[in-house]
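Note that the structure is a prediction, hence the values are computed from the model and not measured. Heavy atoms only: backbone and side chains are in, while hydrogens, waters and symmetry mates are out.
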Amino acid sequence: MLTAFARAFKTPDLRKKLLFTLGIIVLYRLGAHIPVPGVSYENVQICVNQASEGNNSLFGLVNMFSGGALLQITIFALGIMPYITASIILQLLTVVIPRLEALKKEGQSGTAKITQYTRYLTVALAILQGTGLVATARSGALFSGCPVASQIVPNQSMFTTVVMVITMTAGTAAVMWLGELITDRGIGNGMSILMFISIAASFPAALWTIKESGKLADGWIEFITVILIGFVMVGLVVFVEQAQRRVPVQYAKRMIGRRSYGGTSTYIPLKVNQAGVIPVIFASSLLYIPALIVQFSNSTAGWATWIQAHFVKGDHPYYIATYFLLIVFFAFFYVAISFNPEEVADNMKKYGGFIPGIRAGRPTAEYLSYVLNRITWPGSLYLGLIALVPTMALAGFGGANQNFPFGGTSILIIVGVGLETVKQIESQLQQRNYEGFLR
């Protein structure tokens, strides 16, 4: 892999793309450290340090996707999260709304229209989430227990609030623009690259916290153990993410005029983890809702006490069991809406394709559904284990929680984006350095 990167920098146009991508990443990280106007930077730092010591992970998932910018209340505080949410919502609505489904089938023009809708929805969600973040910061609920939490926004006038919301929304639009610039003029998918950078930015600090809080050999034993476990997990994730069930497809020969078409053999690649990281994000987001309700209600009733005891800490058995079941459920749910066996079977039948031993049409769709269900079971169980094993195995190393650097969401995203980016660099290298049979 290092040889491929060295060759990429030796190729002029690829070097230009890589340097452009690195420049955009630097701009993105710079914006993640510029405070929003109207925020007291000193008070924010006091509360952030106290929250990290107390391991407050209520907003940990969103904070992780923003590269730590959320709790710092910077101009890129919302990060890439509104765009991810908007993309998922539109992907789900495509199955429900016929107009969106028709646009999806129109090809490039329809995809461009759906992308435009995604941008509008991203801005709307950014306004909504920015308003919620500012209201939470003003009330002091963003850092519960911090003595200066209510003084994070000293001037609580309407004008200051509107300026803060507009700044965060503009920051989200700028992040979305930077991601699209990487996609058009850089290497890889821009949004995925920015997500990768946001998560990777928290790794050094989190690992050093484990070393500082360790007790064996001044913390170095815990530090090295966590690094080794991380390498093992990365290897496991790479192995499963590359695994796929190849369904063979044969195309019959057809004579059109004097030329024959078809007669080729190919396959349909069905990944073991067809749903990707989406089920983990869905499950994590859904489990934050009870804790958010309790925090904003300030209730001391029996139900609030029960939620605080069972669904706030990530190492409680109730939390672990619910998290695992939600991941399995959302894995099947997302695969069901993202892969349509009937549509695949109809397209195969239209172009004269068939699975050997299976009749075209409805039997093909039923066979694909059967295969998909069989491989989704191990895929969903794998997602649940990847999400939970770090929480349980590393609970003794620095108070690991569900947002620990080697947790399920971060590892899946980093490995997935890394593999995809390396594949794109390798494919572009092959195009530019192709050596024929005759030298």
Side-chain angles (χ1 to χ4, degrees), residues 55 57-58 60-62 64-65 81 84-85 88 91-92 195-196 199 206 226 228-245 270-291 307 310-339 369-397 399-419:
N55 200 21
S57 62
L58 182 60
L61 182 72
V62 184
M64 179 183 70
F65 278 113
M81 201 64 180
I84 297 171
T85 308
I88 293 173
Q91 195 169 2
L92 296 176
M195 196 190 312
F196 175 94
I199 296 171
V226 170
L228 292 176
I229 292 175
F231 277 120
V232 171
M233 286 188 59
V234 168
L236 175 64
V237 171
V238 170
F239 177 76
V240 179
E241 289 296 316
Q242 297 289 84
Q244 56 183 221
R245 168 76 157 84
L270 299 178
K271 292 182 65 177
V272 173
N273 181 22
Q274 190 83 4
V277 74
I278 300 297
V280 181
I281 296 176
F282 277 6
S284 302
S285 304
L286 203 61
L287 279 176
Y288 277 126
I289 295 176
I307 288 176
H310 299 88
F311 282 93
V312 173
K313 291 187 176 180
D315 56 353
H316 196 280
Y318 283 5
Y319 183 98
I320 291 173
T322 308
Y323 192 30
F324 184 82
L325 293 174
L326 282 174
I327 289 173
V328 173
F329 168 75
F330 281 122
F332 278 92
F333 174 75
Y334 188 77
V335 169
I337 65 169
S338 62
F339 186 88
S369 299
Y370 169 77
V371 173
L372 200 60
N373 286 332
R374 290 287 294 271
I375 65 172
T376 302
W377 270 113
S380 61
L381 296 177
Y382 146 80
L383 281 177
L385 289 174
I386 285 293
L388 293 176
V389 166
T391 303
M392 297 183 287
L394 302 173
F397 299 108
N401 53 35
Q402 64 269 33
N403 300 307
F404 186 74
F406 293 126
T409 311
S410 55
I411 282 291
L412 287 168
I413 291 175
I414 281 185
V415 172
V417 175
L419 284 173

**OP:** To the nearest 0.5 angstrom, please state how far the CG atom of Leu286 sits from the CZ atom of Phe329.
**Re:** 9.5 Å
Subject >> Which atom of Ile375 lies closest to which atom of Lys271, heavy atoms considered >> reply: CD1-O, 3.4 Å
Original post:
Closest approach of Ala331 and Ser380, non-hydrogen atoms and distance?
Top reply: CB-CB, 3.6 Å
Original post:
Rounded to the nearest 0.5 Å, how far does CG of Leu381 lie from OG1 of Thr376?
Top reply: 10.5 Å
Subject >> Partners passing side-chain contact (heavy atoms from CB on, under 4.5 Å) against Tyr334 (at least two apart in sequence or in another chain) >> reply: Gln91, Ala275, Ile278, Ile337, Ser338
Original post:
Under a 4.5 Å cut-off applied to non-hydrogen side-chain atoms, are Met195 and Val417 in contact?
Top reply: no
**OP:** Please name the pair of heavy atoms, one in Phe332 and one in Asn373, separated by the smallest distance, quoted to 0.1 Å.
**Re:** CE2-O, 4.2 Å
Original post:
What closest approach, in Å, do Gly384 and Ile327 show between heavy atoms, and which atom pair accounts for it?
Top reply: N-CG2, 3.8 Å
Subject >> Beyond-backbone contact of Ile386 with Leu236, side-chain heavy atoms, under 4.5 angstrom >> reply: yes
Original post:
Considering only heavy atoms from C-beta outward, does the side chain of Val272 approach that of Tyr382 to under 4.5 Å?
Top reply: no
Subject >> Validation row: Leu412, Glu241 side chains within 4.5 angstrom (heavy atoms) >> reply: yes
**OP:** Using the six-membered ring wherever Trp is involved, compare the ring planes of Phe330 and Phe333 and label them parallel, tilted or perpendicular (cut-offs 30° and 60°).
**Re:** perpendicular
